[in-house]
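Worksheet: one structure, shown below.
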Amino acid sequence: MEKIEIIQKVLEKNKIKELNPVQKKALSLGLLDGENLIVASPTSSGKTILAELAGLNVVLNRKLKMIYLAPLVALAREKYEEFKQKYETLGIKVTISVGNFDSQDPFLEKFDWICLSNEKMDSLIRHKAPWIREIGLIVADEVHILNDFQRGPTLEILVTLLKNVCKKAQFLLLSATIKNAEVFGEWIGARVLKSSFRPTPLYFGIFLDNKIKMYGKTDYILTKELKPEEAIVENTLLMKKQIIFFLASRKNAEALAQRLSNFVFHFLTNEEIKELQKVAKKIKNVLSTPTEQCKKLATCVEKGVAFYHSGLLFEQRVLIEEAYKKGLIKVITSTTALSFGVNLPNFRAVVRDVKRYYPGFGSIFIPVLEVRQMFGRSGRPKYDSWGEGILIAKNYTELKELEEYYIKGELEEIESQITNESALRMHILSLISNEFFETEKDLLEFFKETFLGKTIKEITQIKDNIEKALFQLQKWEFIELENTKEEDNFKFVPTTLGKRISQLYIDPLTAYFFIEALKNLKEWNFIAFLSLLSKAIELKPLPNVSAKDISTIEETILQNEESFLLPIPDFFDEEYEEFLKEVKMALIFKSWIEEKSQKEIMETFNIAPGELHSRLEISDWLLYSIVEIGKIISIEENLLKEIKKLRVRMQYGIKEDLLDLIKLEGIGRVRARILFDAGIKSIKDLRKTSPESLSKILHSKTLAQKIRQQLNLN
DNA sequence: CTGCTCGACGTCTAGACAGCATGTC
DNA sequence: CTAGACGTCGAGCAG
């Protein structure tokens with residue numbers, strides 16, 4: 001297909017008349033001629049269209065695949081839906097594969113456009129997916145995530161690796177506005193397109209006293225008597241707009257939401273109040289017994305305000321997003337949870353807390369990049385003719401400071417985080433396991449090809465870290481040094497264990513803990529085992545231990561002293577504090593599998609529902625990994641069975657006696673307990689129960705019918 | 001005596017990726 | 001080594 005036809009198709013599918021300046025520039029830089037490109041421009045500057053243009057080109061003209069990589073599952077999903085809806089009619093086969101989604105890997109072979117999370121692609125490489133050779137275009141979105149301490153290294157290694165593996169592939173890196181885009185260009189041999197183009201302009205402002213000083217626009221004068229947040233909200237609502245506040249902690253977000261809700265309330269119409277009450281009810285009843293947090297959120301939502309952070313349950317997040325998009329919820333107070341993730345259209349964003357606590361550093365200014373990112377989503381092309389990002393100053397000195405740093409200041413450079421110890425040992429194990437590299441020299445060569453390699457002068461700077469990782473991996477027996485025939489030539493080979501751990505995608509240190517502990521595992525003890533589980537790096541940071549927890553925890557430690565699977569740190573040791581947290585987490589898990597309600601767990605341990613949920617999800621994967629490791633180091637069969645049983649109990653939050661009933665579709669922790677209490681204790685008992693009494697117990701005919709169908713009783 | 005405000009003091013601190021095999025209330 | 005907002009609780013004060 002001719003270039004002009006491709007462009008026309010894309011314009012048509014996006015219902016636009018012509019390309020914007022960024023897109024035109026990308027074409028002139030050779031987007032459709034297979035040129036590698038790094039595009040650094042603001043959110044909503046139409047970068048997705050670039051992926052579509054190049055994607056059509058590569059599929060139609062070169063008969064190769066496009067992979068679209070995103071740092072977030074939600075983002076990958078969003079693009080998948082978008083691509084599918086637009087291009088499936090053209091015969092392009094679009095799919096997605098992220099984590100627990102339904103596509104199987106060999107199955108991806110048949111698809112043209114594949115949306116993936118960075119980590120999923122990384123894992124596919126580890127599993128040596130054969131279709132990787134068919135990739136003609138690699139689109140990596142939000143590549144500024146390279147700067148992220150925890151998740152940046154994955155992307156960096158991934159891109160470096162893809163560069164080696166997919167020699168014939170075109171690279172298209174998409175990023176927010178960044179200072180050192182040129183280095184990216186140098187890194188992958190790409191042309192650089194930097195632009196500040198936005199379809200709707202974004203204005204910055206700083207609040208002080210009763211005024212919002214705007215830059216490039218007339219100032220706003222606000223009501224004097226009100227507190228800053230209230231004054232800004234009033235001004236926004238009078239303009240019939242919505243607003244998002246960004247705060248440093250969950251607590252702050254919740255506190256502000258509560259305060260503002262009593263203010264926003266007065267601006268609502270009767271119609272809105274009615275609708276909001278419906279939403280609030282849904283939010284409150286996500287769990288069978290609402291926790292305090294659920295109630296708090298519902299009360300705020302009734303009054304047109306919502307707080308938003310990772311402690312919320314997934315359904316609640318979705319409900320808030322929907323209600324905000326409909327214009328029902330007027331104000332959201334959020335942690336950074338919202339600055340990534342879904343695209344929530346918005347008019348005005350206020351970053352109230354520009355300082356944040358970093359352990360070991362205290363409270364420090366957050367990066368300019370991050371503030372701009374939070375501002376970035378403001379100004380919806382279809383609804384607003386501009387967007388606003390606002391900071392709050394307490395006095396004139398602070399105003400000047402904020403202005404200097406965030407408004408006029410330059411963005412930070414993106415820095416490689418690849419030297420991160422945990423990331424390094426994980427990726428080095430992976431590289432060796434896949435036999436990409438055999439010697440330390442090879443490995444160092446590879447690291448020269450990374451983004452880091454392009455930014456530092458001497459690779460020796462990270463040589464120590466690499467050597468340390470290699471040393472640890474050897475010590476833990478995940479890799480071995482093998483002497484080849486030729487003299488002076490040693491190569492690293494993975495052990496069976498090492499290979500499996502790399503595939504399981506867990507931190508080698510976690511795996512090491514597990515292995516050492518499994519060796520000591522003789523008798524089954526829940527607290528001991530669950531404390532071990534909580535030692536996993538993947539579950540960190542763990543919820544804090546508060547004063548009221550201490551006595552329970554210490555009692556637990558005392559009672560199980562003999563049973564712990566790894567040495568208990570000395571009381572005066574630094575690690576002791578961490579150990580307390582691990583035991584606390586174990587106690588939380590134990591409450592869960594003893595069928596305590598989420599409300600009760602939250603009240604006893606002060607842990608948000610969403611937090612428990614995400615820990616359980618990770619634990620499921622860790623428990624699977626423990627079983628897999630256990631198989632390799634051949635631990636006793638009955639212990640393996642206990643772990644498997646625990647995994648199911650953790651999944652559903654049930655006591656052991658419900659393990660049988662839970663196997664049925666439509667039966668969870670609550671219904672299984674209802675049946676059990678009614679005297680139906682097993683599937684065998686179920687067979688003997690009449691359909692009438694079954695439907696009576698479960699208060700549902702259809703459910704009883706569904707269960708009987710599964711037992712072939714009809 | 002009650003109810004309110006103010007301030008000292010103690011407490012607490014963001015986010016969310018992956019394996020694998022099937023389905024909650 | 002570093003901060004700062006929130007919540008609780010008690011003191012002080014007005015009515």
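Heavy atoms only: backbone and side chains are in, while hydrogens, waters and symmetry mates are out. Quick caveat, the model's predicted, so the values are computed rather than measured. Naming convention: chains lettered A, B, ... in sequence-line order (proteins, then strands); numbering from 1 in each chain.
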Residue among Leu612(A), Thr291(A), Ile588(A) satisfying side chain to side chain contact (heavy atoms under 4.5 Å, CB included) with Met602(A): Thr291(A)
Along DNA chain C (nearest heavy atom to each residue), the more 5'-positioned of Lys251(A) and Ile364(A): Ile364(A)
Quick one: list whatever passes side chain to side chain donor-acceptor pair (under 3.5 Å) with [X], sequence neighbours left out.
X	result
Gln293(A)	none
Ser700(A)	Thr702(A)
Gln651(A)	Asp620(A)

For [N], take OP1 and OP2 only and decide whether either is under 4.0 Å from a side-chain N or O of [X].
X	N	result
His127(A)	dC20(B)	yes
Lys394(A)	dA5(C)	yes
Arg317(A)	dA16(B)	yes
Lys355(A)	dG4(C)	yes
Tyr505(A)	dC17(B)	no
Asn544(A)	dT13(B)	yes
Thr154(A)	dC17(B)	no

Closest to the [X] side chain, choosing from [options]:
X	options	value
Glu370(A)	dC20(B), dA18(B), dA14(B)	dA14(B)
Thr335(A)	dA16(B), dA18(B), dA14(B)	dA14(B)
Tyr624(A)	dG15(B), dC20(B), dA3(C)	dC20(B)
Glu538(A)	dG7(C), dA18(B), dA16(B)	dA18(B)
Asp148(A)	dG15(B), dG19(B), dC6(C)	dG15(B)

What is the distance, to the nearest angstrom, from the [atom1] atom on [X] to the [atom2] atom on [N]?
X	N	atom1	atom2	value
Glu142(A)	dG15(B)	CD	C1'	14 Å
Met374(A)	dA14(B)	CE	P	13 Å
Lys296(A)	dC6(C)	NZ	P	12 Å
Arg77(A)	dC17(B)	CZ	P	9 Å

Watson-Crick and G-U pairing of DNA chain C written in dot-bracket, each distance under 3.5 angstrom, with | for inter-strand partners: ..|||||||||||||
Sugar-phosphate only, base, or nothing, as touched by Phe361(A) at under 4.0 Å among non-hydrogen atoms: base
Touch class at under 4.0 angstrom, heavy-atom based, for Thr336(A) against every strand present: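 Base: the residue Thr336(A), judged by heavy atoms under 4.0 Å, touches a nucleobase.
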Along DNA chain B (nearest heavy atom to each residue), the more 5'-positioned of Glu315(A) and His309(A):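 Closest to the 5' end, via its nearest nucleotide, is His309(A).
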Whichever of Trp621(A) and Val670(A) has its nearest DNA chain B nucleotide further upstream toward 5':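 Comparing both residues, the 5'-ward one is Trp621(A).
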Residues forming a side-chain contact (heavy atoms from CB on, under 4.5 Å) with Tyr324(A), sequence neighbours excluded: Gln242(A), Ile244(A), Ile329(A), Ile332(A), Leu344(A), Asn346(A)
Partners meeting salt bridge (charged side-chain N to carboxylate O under 4.0 Å, His left out) with Lys599(A) (sequence neighbours left out): Glu603(A)
Complementary nucleotide for dA18(B) - Watson-Crick or wobble, under 3.5 Å: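 Base-paired to nothing in any strand shown.
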Whole-angstrom distance between dA5(C) and dA14(B), as gauged at atom P: 15 Å
Lys282(A) NZ: over 12 foreign heavy atoms closer than 6.0 Å: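 Not more than 12 within 6.0 Å, no.
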Exceeds 12 heavy-atom contacts within 6.0 angstrom, atom CZ of Phe365(A): yes
